[in-house]
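Excluded from the calculations below are hydrogen atoms, water molecules and symmetry mates; all remaining heavy atoms, backbone and side chain alike, are included. Atoms within a ligand are numbered from 1 in the order they appear, just like the ligands themselves. The shown structure was predicted, so the numbers you read here are calculated from the model rather than taken from an experiment.
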Amino acid sequence: MAQQNQIVMSGIRPTGFLHLGNYFGALRNYVRMQDEYTCYFMLADLHSLTTHPDTKELKGNIHRVLAEHVACGLDPDKVALYCQSHVYETSELYLYLNMMARVGELEKTVTFKDKVRQHPDNVNAGLLTYPVLQAADILLHRASLVPVGKDQEQHLEMSRTFANRFNHNYGDVFPEPHAFNYGGELVKVPSLDGKGKMSKSENQYATLYLSDSDQSIRDKVKKALTDGGPKEPNSPKPDYIENLFQLMQLVSEREVVEKFEQDYNGCTIRYGDMKKQLGEDMVNFIAPIREKAEAIRTDEKYLKEIMEKGAEKARQSARATIELVREAIGLNYY
Ligand code: TYM
């Protein structure tokens, strides 16, 4: 049962395989929040159309990502777990919020500039207004807590801007949404090659997916970049070594991390041993999620039930917000 009256909302794009970044940036918080708040968690299939217009793999991705949510510990009876495209009110709010967004600020969004670089042949208007659709997802439930990783910080700032502009123009309807992580700091799970973050579609060999086989996890960790070890006691760690320690902190026992920290500081560290340990701890962490997800993924009847139930809960909350929004804007003629 929810204990707090703040509303929680978040989403993940079904554009590929979920990875450790999605888990530690988002899903881990979802699972804890489901017992404390009213939660709306969504698969952002409409957002995925901005970069993946070919929908051949969409259904399979939706099924797998949904199964992975449940396998990570999300209970579809405690939360609304739904697909974005099943809640049509999202599109109506998106339209109103588009009137609150300035083209100049949308063009400056970091994710937009990245996408323009990656897909110069498909710079569509949906890509430009991506943060507006994300704001619509959040504000549709008048949510104020949004569990996300560090990469979503700017989108959350924009959601706040659009909410405040709406409230300023038409009266208080929306609370300010804020990015949330238990413990404060938003998470960025680094990739295994020390270059950037784990990602659904880039960096595949340096990303650990929740669906990776034991062997593939071991291989990826084994190939992670290391060097001959520190020459001076208590040396600063290069990025690619710091990454390994950060990953170890996520899945290994505290004493294990401390042992390798001591070895590092005393210049006795053997990276082969460290990677072996990290590989095994990763396997122990990921394998149960993978196995559970695999069993759920093929149960299409159960997945359909989850989606229907989730959409119904989400629509109820969405309808109530849309009524307030129309009333506030003055779209009430009878
Ligand atoms: P997406 O699908 O890229 O990522 C889903 C969630 O995983 C987090 N994440 C990470 N966290 C830490 N380290 C990483 N390496 C890492 N990679 C991904 C993301 O921060 C996110 O929390 N625009 C969103 C989807 C969305 C949404 C929303 C989110 C649509 N509507 C409404 C919140 C609220 C996205 O592309 O996430």
Side-chain angles (χ1 to χ4, degrees), residues 7-31 33 39-52 61-62 64-65 68-69 72 74 80 82-85 87 90-91 93-94 97 109-112 114-115 118 126-127 129-160 162-163 177-181 183 185-204 206-210 243 246-247 249-250 314 318:
I7 308 276
V8 175
M9 193 279 148
S10 196
I12 295 184
R13 279 171 309 151
T15 47
F17 294 80
L18 295 195
H19 52 78
L20 275 194
N22 301 130
Y23 182 85
F24 287 104
L27 285 161
R28 177 173 61 168
N29 286 316
Y30 288 15
V31 171
M33 292 176 106
C39 297
Y40 296 89
F41 296 127
M42 170 205 79
L43 307 198
D45 52 352
L46 299 178
H47 274 111
S48 74
L49 295 177
T50 61
T51 49
H52 293 64
N61 281 347
I62 287 275
R64 195 188 51 254
V65 172
E68 285 173 335
H69 275 63
C72 286
L74 213 61
Y82 63 100
C83 294
Q84 189 180 30
S85 64
V87 181
T90 311
S91 306
L93 187 56
Y94 171 50
L97 292 178
T109 316
V110 175
T111 46
F112 176 66
D114 283 348
K115 297 276 159 58
Q118 287 160 8
L127 210 51
T129 56
Y130 183 112
V132 185
L133 182 55
Q134 180 158 346
D137 295 329
I138 298 167
L139 301 178
L140 194 61
H141 303 295
R142 280 170 289 151
S144 53
L145 299 180
V146 187
V148 283
K150 189 145 182 62
D151 59 314
Q152 295 296 311
E153 224 165 15
Q154 189 182 27
H155 287 167
L156 263 292
E157 195 183 313
M158 295 174 86
S159 295
R160 279 196 292 283
F162 304 147
H178 289 270
F180 178 89
N181 180 42
E185 283 280 294
L186 298 181
V187 177
K188 175 186 160 190
V189 176
S191 57
L192 282 164
D193 58 3
K195 296 187 197 121
K197 61 185 177 89
M198 290 202 182
S199 148
K200 281 194 219 97
S201 42
E202 298 151 48
N203 253 346
Q204 289 188 19
T207 295
L208 293 169
Y209 296 96
L210 301 180
N243 279 357
Q246 278 186 30
L247 290 169
Q249 268 159 12
L250 296 174

Residue part near ligand 1, for [X], under 4.0 Å between non-hydrogen atoms:
| X | value |
| --- | --- |
| Phe24 | neither |
| Asp151 | side chain |
| Val146 | side chain |
| Ile138 | side chain |
| Gln84 | neither |
| Ser10 | both |

For residues [X] and [Y], determine if any side-chain heavy atom of one lies less than 4.5 Å from a side-chain heavy atom of the other.
| X | Y | answer |
| --- | --- | --- |
| Cys72 | Leu210 | yes |
| Ser10 | Phe180 | no |
| Leu18 | His69 | yes |
| Thr50 | Lys115 | no |
| Met42 | Thr90 | no |
| Lys150 | Asn181 | no |
| Asp137 | His47 | yes |
| Val132 | Tyr94 | yes |

Under 3.5 Å between any N/O of [X] and any N/O of ligand 1: does that happen in this structure?
| X | answer |
| --- | --- |
| Gln134 | yes |
| Met198 | yes |
| Lys150 | no |

Identity and separation of the nearest protein heavy atom to [atom]:
| atom | value |
| --- | --- |
| atom 10 (C) of ligand 1 | Gly21 O, 3.3 Å |
| atom 3 (O) of ligand 1 | Arg13 NH2, 2.9 Å |
| atom 31 (N) of ligand 1 | Asp137 OD2, 2.7 Å |
| atom 26 (C) of ligand 1 | Gly11 O, 3.7 Å |
| atom 18 (C) of ligand 1 | Asn22 ND2, 3.4 Å |
| atom 12 (C) of ligand 1 | Val187 O, 3.2 Å |
| atom 13 (N) of ligand 1 | Val189 N, 2.7 Å |
| atom 37 (O) of ligand 1 | Gln152 NE2, 3.8 Å |

Enumerate the atoms of ligand 1 whose separation from the nearest heavy atom of [X] is less than 4.0 angstrom.
| X | result |
| --- | --- |
| Tyr130 | 23 (N), 24 (C), 35 (C), 36 (O) |
| Met42 | 30 (C), 31 (N) |
| Ala26 | 6 (C), 22 (O) |
| Val148 | 20 (O), 22 (O), 33 (C) |
| His47 | 30 (C), 31 (N) |
| Lys200 | 1 (P), 2 (O), 3 (O) |
| Met9 | 32 (C), 34 (C) |
| Lys188 | 12 (C), 13 (N) |

Contact summary for Met33 and Cys39, nearest pair of heavy atoms: O-SG, 3.6 Å
Shortest non-hydrogen contact from Ala314 toward Val87: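 Scanning both residues completely, I find the closest heavy atoms to be CB-CG2, 3.8 Å.
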Under the criterion side-chain contact (heavy atoms from CB on, under 4.5 Å), I'd like the reasoning laid out for Leu247 against Leu192: C-alpha separation, chi angles, the key distance, then a yes or no. CA-CA 9 Å; Leu247 290 169; Leu192 282 164; 3.5 Å; yes
Rounded to the nearest 0.5 Å, what's the gap from SG on Cys83 to CG on Asp45? Could you check? 5.5 Å
Derivation of the salt bridge (charged side-chain N to carboxylate O under 4.0 Å, His left out) call for Arg160 and Glu157: CA-CA 5 Å; Arg160 279 196 292 283; Glu157 195 183 313; 5.0 Å; no
For Pro177, run the side-chain contact (heavy atoms from CB on, under 4.5 Å) check against Val8, Ile138, Ile7, Leu145 and tell me which one passes. Ile138
Answer with yes or no whether His19 contacts ligand 1, where contact means a heavy atom under 4.0 Å from a ligand atom.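 Yes.
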Please list all pairs meeting salt bridge (charged side-chain N to carboxylate O under 4.0 Å, His left out) that have one or both residues in residues 189-198, counting only residues at least two apart or in different chains. Asp151-Lys197
